[in-house]
Colleague: 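Below is the structure I would like to discuss, written out as structure tokens.
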Amino acid sequence: MASASFLFLSPALPSELLTYILNHDTYPTTLIICSTRADFISSLADDARSETAQARSPTGHVAVSPDVQSDKPARGVGQHRLLSSPLYQVATSRHIRVVYVPTVTHLRSYLSVFSPEESPIPAPPANFQSSPDECPRIILFGFLDMHRDTSEWSAQGLANSLSAVVELAYRLSWQAAIIEPRNRNPSSTFEDMLKEHVPFLSGGGRRLALDSDEGGWIGRTVEVGRVMKRWFRFEHGQWDANYSGDGT
């Protein structure tokens, strides 16, 4: 993140998002989940169950990497990495602020009054090891999904929300990152997401295309990527290096 103040990263699983934040972020970074708490916890639980199941061999035995040794009981092997390490749980609960904003209106209101001084999350201990060039961040997960299928799914609506994020980040001298959720068998790529079209103005309606069952937008449209790149640089997340696209 030191190379850019504002990044739009490729979609990630909930567990990949949390692992990334815990490995790279510093207090008082704030994670904004653009959904209800129940929906996020449900998706995280599904993700953890899927990864745990994939860690087992086809015969039902736990598959252990030959370069990993442990004196822990076998029942601990095969657990999801976020569940098997209490350090992750401590870091998440004590030093990373997590908030849930289920609607666009909630998001904009929250950003307009956000203050790190009002955070209930305590600072880490004085001997906490962190890189001197680390910078706190505002991280939004599911930003586009929250706008989709609402009257704010437009260049105007996205720009209004993005400008609020950027204004807050500049005011605090923080960095900002946006990450969209994905499932284990995605039907589209990061690049496809950037090419998705939205109408210019909020409230734009759809019309039924004559030659298909898919709806088209009334009036002029623009690609999501063109709206985002006004402020954000696009990058693939480090989780993409270990993702083959086949759910493994």
Side-chain angles (χ1 to χ4, degrees), residues 1-37 40-41 44 81-82 85-102 104 106-147 158-181 228-240:
M1 286 298 297
S3 61
S5 295
F6 308 111
L7 288 181
F8 183 34
L9 298 174
S10 55
L13 297 169
S15 61
E16 293 170 335
L17 167 76
L18 296 181
T19 300
Y20 176 74
I21 290 174
L22 295 172
N23 288 337
H24 295 86
D25 282 276
T26 185
Y27 177 88
T29 284
T30 296
L31 170 61
I32 301 177
I33 304 294
C34 299
S35 70
T36 64
R37 183 179 186 276
F40 178 74
I41 295 300
L44 178 60
R81 57 183 176 273
L82 288 174
S85 174
L87 294 178
Y88 280 124
Q89 297 170 1
V90 171
T92 301
S93 62
R94 292 190 177 182
H95 306 312
I96 301 297
R97 186 180 188 180
V98 182
V99 297
Y100 300 88
V101 290
V104 175
H106 284 88
L107 172 65
R108 293 175 183 170
S109 298
Y110 180 78
L111 294 174
S112 68
V113 299
F114 178 87
S115 173
E117 288 77 17
E118 297 178 357
S119 174
I121 307 302
N127 60 351
F128 183 77
Q129 298 296 319
S130 62
S131 174
D133 58 354
E134 283 182 342
C135 178
R137 291 192 290 180
I138 292 286
I139 302 175
L140 295 94
F141 187 63
F143 175 86
L144 292 181
D145 273 1
M146 183 176 61
H147 287 75
L158 293 176
N160 286 340
S161 298
L162 289 170
S163 63
V165 175
V166 172
E167 181 181 353
L168 173 61
Y170 271 123
R171 175 166 61 85
L172 299 176
S173 296
W174 287 17
Q175 298 178 351
I178 292 177
I179 306 171
E180 291 301 298
M228 300 290 294
K229 74 177 182 180
R230 178 179 178 183
W231 297 282
F232 287 74
R233 193 178 75 183
F234 308 145
E235 283 189 6
H236 281 270
Q238 65 178 27
W239 46 83
D240 286 346

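Here the structure is a predicted model, which means the values were calculated and not measured.
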Colleague: Within the structure provided, determine whether Ser35 and Asp145 are in side-chain contact (heavy-atom separation under 4.5 Å).
Modeller: no
Colleague: Which heavy atom of Pro181 sits nearest a heavy atom of Gly142, and at what distance?
Modeller: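 Smallest heavy-atom distance, with atoms named: CD-CA, 3.6 Å.
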Colleague: Main chain of Gly237, side chain of Ser10: is a donor-acceptor contact present, judged purely on distance under 3.5 Å?
Modeller: yes
Colleague: Would you check, one step at a time, whether the test side chain to side chain contact (heavy atoms under 4.5 Å, CB included) holds for Arg108 with Asn160?
Modeller: CA-CA 9 Å; Arg108 293 175 183 170; Asn160 286 340; 3.6 Å; yes
Colleague: Could you pull out all residues at least two apart from Thr36 that satisfy side-chain contact (heavy atoms from CB on, under 4.5 Å)?
Modeller: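 Checked Thr36 against side-chain contact (heavy atoms from CB on, under 4.5 Å); matches are Ala38, Asp39, Pro102.
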Colleague: Report the distance from atom OG of Ser163 to atom CG of Leu168, rounding to the nearest 0.5 Å.
Modeller: 11.5 Å
Colleague: Determine yes or no for a side-chain-to-main-chain donor-acceptor pair under 3.5 angstrom, with Glu180 supplying the side chain and Ala12 the backbone.
Modeller: no
Colleague: Got a second to check how far Gln238's CD is from Thr19's OG1, nearest 0.5 Å?
Modeller: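 So the gap between those two atoms works out to 9.0 Å.
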Colleague: Identify the two heavy atoms, one from Met146 and one from Val104, that lie closest to each other, and give their separation to 0.1 Å.
Modeller: SD-N, 3.8 Å
Colleague: Roughly how far, to the nearest 0.5 Å, is CZ of Arg233 from NZ of Lys229?
Modeller: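 So the NZ of Lys229 and the CZ of Arg233 are separated by 14.5 Å.
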Colleague: Nearest 0.5 angstrom please: Gln175 CD to Ser5 OG, how far?
Modeller: 5.5 Å
Colleague: How many angstroms lie between CG in Leu17 and CG in Leu44, if you round to the nearest 0.5 Å?
Modeller: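 CG of Leu44 is found 9.0 Å from CG of Leu17.
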Colleague: Could you give me the CA-CA distance, side-chain angles and deciding distance for Ile178 and Leu9, then say whether side chain to side chain contact (heavy atoms under 4.5 Å, CB included) is met?
Modeller: CA-CA 6 Å; Ile178 292 177; Leu9 298 174; over 6 Å; no
Colleague: With a 4.5 Å heavy-atom cut-off, do Leu31 and Val99 have their side chains touching?
Modeller: no
Colleague: Measuring from Ile32:CD1 to Arg137:CZ, what's the distance to the nearest 0.5 Å?
Modeller: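 Taking CD1 in Ile32 and CZ in Arg137, the distance rounds to 13.0 Å.
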Colleague: Under the criterion side chain to side chain contact (heavy atoms under 4.5 Å, CB included), I'd like the reasoning laid out for Val166 against Phe232: C-alpha separation, chi angles, the key distance, then a yes or no.
Modeller: CA-CA 9 Å; Val166 172; Phe232 287 74; 4.0 Å; yes
Colleague: Does Ser112 use its side chain to pair, donor to acceptor, with the backbone of Ser109 at less than 3.5 Å?
Modeller: yes
Colleague: Answer whether the closest heavy-atom distance between the side chains of Leu162 and Phe6 falls below 4.5 Å.
Modeller: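 In short, these two side chains do not touch, never coming nearer than 4.5 Å.
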Colleague: Assess whether side chain to side chain contact (heavy atoms under 4.5 Å, CB included) is satisfied between Leu140 and Ile179, documenting all intermediate values.
Modeller: CA-CA 6 Å; Leu140 295 94; Ile179 306 171; over 6 Å; no
Colleague: Look at the aromatic rings of Phe234 and Phe8 and report parallel, tilted or perpendicular, splitting at 30° and 60°.
Modeller: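 The rings of Phe234 and Phe8 stand perpendicular, inter-plane angle above 60°.
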Colleague: Taking Trp239 for the side chain and Pro11 for the main chain, is one N or O donor matched with an acceptor at less than 3.5 Å?
Modeller: yes
Colleague: Return yes if some donor-acceptor pair links the side-chain N/O of Ser161 with the main-chain N/O of Leu158 below 3.5 Å, else return no.
Modeller: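 Checked: no pair found.
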Colleague: Is it true that a side-chain atom of Glu16 and a backbone atom of Leu13 form a donor plus acceptor pair closer than 3.5 Å?
Modeller: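 Pair found, side chain donor or acceptor close to backbone of Leu13.
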Colleague: Does the separation of the ring centres of Tyr100 and Phe141 fall below 6.0 angstrom?
Modeller: no
Colleague: List in chain and number order the residues that pass ring-ring contact (aromatic ring centres under 6.0 Å, His included) with Phe114, two or more places apart in sequence or in another chain; answer none if no residue qualifies.
Modeller: Tyr110, Trp174
Colleague: Knowing that exactly one of Thr30, Thr29, Ile33 qualifies, which makes a side-chain contact (heavy atoms from CB on, under 4.5 Å) with Ile139?
Modeller: Thr29
